[in-house]
Amino acid sequence: MTDTDSDWSKWLARIKEREKVFEDGWWKTAKKAQDMYDGGEDTPFNVLYANTEILLPALYSNSPRPDIQARSPQARPELPKILSAFLTSVVDCNTPGLESFDEAMEGAVLSALVPGAAAVRIRAYPSQLMPIRLEAVGHNELLWGKAKKWSKVPWIAFRIPMSKEDIVSTFSLDEEQARNLSAPSQQDLDSARSKKEKEGFYVYELWVKKDRQVVFLCEGLEDPLLDSPGDTLQLAGFYPTPGILTLVRKDGDLCPTPLFEYYRNQAEELNRVTVRLTKVLSAIKVRGAYNSLVGTDLARILSDDDSENALIPSSNPMDLQAGFDKQIWLLPIEKLVVVATQLYEARERTKRVIYEITGLADIVRGASVASETATAQNLKDKWGSLRLRRLQKTVKLYVRDLFRLSVDAGTTLPTSDWKTLTGLSYPTQEEKVLAQQGVAHAQQMAQVTGFPPGPEVAQMAQTLAAPSWEDLLSSLKDDAARSYLVDVESDSTLDSSAQTDKQEVSEFVMALSQLVGALAPLAQMGEGVIAVARDILLAVANKFRFGRELKDTLEKIPANPTNQPNNEEEKKALDKAKKDIESGKAQLEQQQTQ
């Protein structure tokens, strides 16, 4: 064994040691939460599933929309449009059979709610149409070195369960290596949850931040190193994930705690009360005895379905003089009914304690009382959802970090991929060179023939005036982090109804109409004031999502909207320009006729 092999063996031992810490700590509590969520005979009242089904759509229920803002007026105006189109393609890859952005985020939020934490990672697929993919990572599929915060984590390792056949084919092992691939240890078999894990091995994808090394290790080989692909993504923060998504705050400790752990005792008490209540209810039955001398009459009364409002003749009238209640003796169930009532009340009290711990107030559940006023409901909505908004912000920030990682990873893609993914019609450097040659050739022909250039020269001139993809991507690599703010639109990760969208458009139109009416008198005060009015319109429109879509249109408002000459000299110049245009048009028509 060489020194390099020994180093990787030490790294594998370090990973296994950290794995043992997780198994004895967080993963043990996470398994309890997962078992409760999965339900079973021991969970007659699955309060964790109920709470999760409330919080999951409240935290993430819609595809996010990117929000790209320039940090300064000197920033290139083309890049926000390019970044927005690129991130929209990342969110909606439109490729069936592959994990989508929504599936990855929903899985991560569900794992954050139940086991306590999850992650989403970036993976490169150079041969696919969308080479940058986001994939969810299970709570027990990510390990990291000990640290107090994510920025100080020295290394991470993705734990991938694989069969022996998959390892041999994926990493191209030779016959000797495949033969020496030993079976997993009993400890790994005991800790494996799925059938696939029990039948195979663990491959660890190790990312070492200090050396920026990426390697694949496997415990079953004498030399644990399977492959060393290197840092292909070239991310500024190195790691292909923004970290773990956890909804429980802990100061100075990255080890997650499931939310269920904070009310596990109350949930177990809720299950015990429900079990007892079920047994008491099953014992509340009408049981007793009756006088055999009147049994025939009782049997006829109880068995005749048509005896309502009807009387039957009695064969023992003397025995019935005391009444039926004197002939029937029932076992007492009043005490059982009292016990059942108390159990119902105890269960409701326990539920209220759980809702206080988790912050699931009645306003979060959408519950209300018809007698409540609108003001009371607004107050409940304001104060009852404060904790929920904090969780929503945590999910939104995680999506924002995924957007920024995607942009960082996208800077390594070739120009052709950007052009295909964004669908924008900026020219390449090669196309600009061809356009320049075409313009020069057209100008030479115009000098020789004496005829003005054709309309295709104007298109070539537009190509020359437009920035090239190479120039834009170069600026993106150098200045994106300093010049542009990559964020997520507010509440875009939540399900918005059509009524909400209509209300936003209505508010924008109302604000714009009022503002235009107030700024209309400024149109008579000169070009400088009109420019100020235009900047005010842009600032107000930027506050609305619908307004940001009109930003490019508003920026095209001319400083002199009337386009009228201000003096006699400008009038003469305008008349001369019109005559030149008419003369050139006549020459062009003559050329076409010839």
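When a residue number appears, it is its place in the shown sequence, counting from 1. All of these numbers come straight from a predicted model, not from anything done at the bench.
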Please find the pair of heavy atoms, one from [X] and one from [Y], that lie closest to each other, and give the distance.
X: M162; Y: I167; answer: CB-CG1, 3.8 Å
X: N46; Y: M36; answer: ND2-O, 3.0 Å
X: A117; Y: H139; answer: O-CB, 3.2 Å
X: P131; Y: L413; answer: CG-CD2, 3.6 Å
X: R121; Y: V137; answer: CG-CG2, 3.7 Å
X: L56; Y: E106; answer: CD1-O, 4.1 Å

Quick check: do [X] and [Y] have side-chain heavy atoms less than 4.5 Å from each other?
X: D231; Y: W207; result: yes
X: T241; Y: W150; result: yes
X: M105; Y: V120; result: yes
X: N51; Y: Y263; result: yes
X: K351; Y: Q266; result: no
X: D102; Y: Y60; result: yes
X: L113; Y: Y37; result: no
X: E470; Y: T415; result: yes

Are more than 12 heavy atoms, taken from residues, nucleotides or ligands other than E430, located less than 6.0 Å from that residue's CD atom?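 Count not over threshold, so no.
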Measure the [atom1]-[atom2] distance between [X] and [Y] for me, rounded to the nearest 0.5 Å.
X: Q429; Y: S468; atom1: CD; atom2: OG; result: 4.5 Å
X: L233; Y: R212; atom1: CG; atom2: CZ; result: 10.0 Å
X: Y239; Y: I122; atom1: OH; atom2: CD1; result: 15.0 Å
X: L388; Y: L55; atom1: CG; atom2: CG; result: 7.0 Å
X: R18; Y: L143; atom1: CZ; atom2: CG; result: 8.5 Å
X: W155; Y: W11; atom1: CH2; atom2: CH2; result: 7.0 Å

Within the 6.0 Å centroid threshold, strictly below: F171 and F216: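 Yes, ring centres under 6.0 Å apart.
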Are the aromatic rings of W27 and F22 close, with centres under 6.0 Å apart? yes
Test side-chain contact (heavy atoms from CB on, under 4.5 Å) on L247 and L259; report intermediate values, then the result. CA-CA 8 Å; L247 303 177; L259 182 61; 6.0 Å; no
With distance as the sole test, does [X] use its side chain to make a donor-acceptor pair with the main-chain N or O of [Y] at under 3.5 Å?
X: E141; Y: G138; answer: yes
X: S111; Y: A108; answer: no
X: S61; Y: P57; answer: yes
X: Y262; Y: T257; answer: no
X: T412; Y: A409; answer: yes
X: K148; Y: V153; answer: no
X: T422; Y: A85; answer: no
X: S406; Y: L402; answer: yes
X: R133; Y: E99; answer: yes

Looking at [X] and [Y], does any basic side-chain N land under 4.0 Å from a carboxylate oxygen?
X: E261; Y: R264; value: yes
X: K31; Y: D35; value: yes
X: K28; Y: D24; value: no
X: R123; Y: E135; value: yes
X: K16; Y: E19; value: yes

Go through L217 and V203 one step at a time and tell me if the side-chain contact (heavy atoms from CB on, under 4.5 Å) criterion holds. CA-CA 6 Å; L217 306 177; V203 173; over 6 Å; no
Ring-face cation of R159 near Y202 (centre distance under 6.0 Å, axis angle within 45°): yes
Walk me through it: do V114 and F260 pass the test side-chain contact (heavy atoms from CB on, under 4.5 Å)? CA-CA 7 Å; V114 181; F260 172 71; over 6 Å; no
Could you give me the CA-CA distance, side-chain angles and deciding distance for E269 and N265, then say whether side chain to side chain donor-acceptor pair (under 3.5 Å) is met? CA-CA 6 Å; E269 179 184 352; N265 293 333; over 6 Å; no
Please work out whether the ring planes of W144 and W26 are parallel, tilted or perpendicular, with thresholds of 30° and 60°.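 Tilted.
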If the plane angle is over 60° it's perpendicular, under 30° parallel, otherwise tilted; pick one for W469 and Y426. perpendicular
Assess, by modelled atom type and distance only, whether the side chains of S474 and D471 contain a donor and an acceptor separated by less than 3.5 Å.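 Checked: S474/D471 side chains show no N/O donor-acceptor pair below 3.5 Å.
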Going through the checks in order, is the side-chain contact (heavy atoms from CB on, under 4.5 Å) test met by S228 and Q213? CA-CA 8 Å; S228 180; Q213 286 185 313; 5.9 Å; no
Run through P242, P64, P66 and flag the one making a side chain to side chain contact (heavy atoms under 4.5 Å, CB included) with V399.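 Exactly one candidate clears the test, P64.
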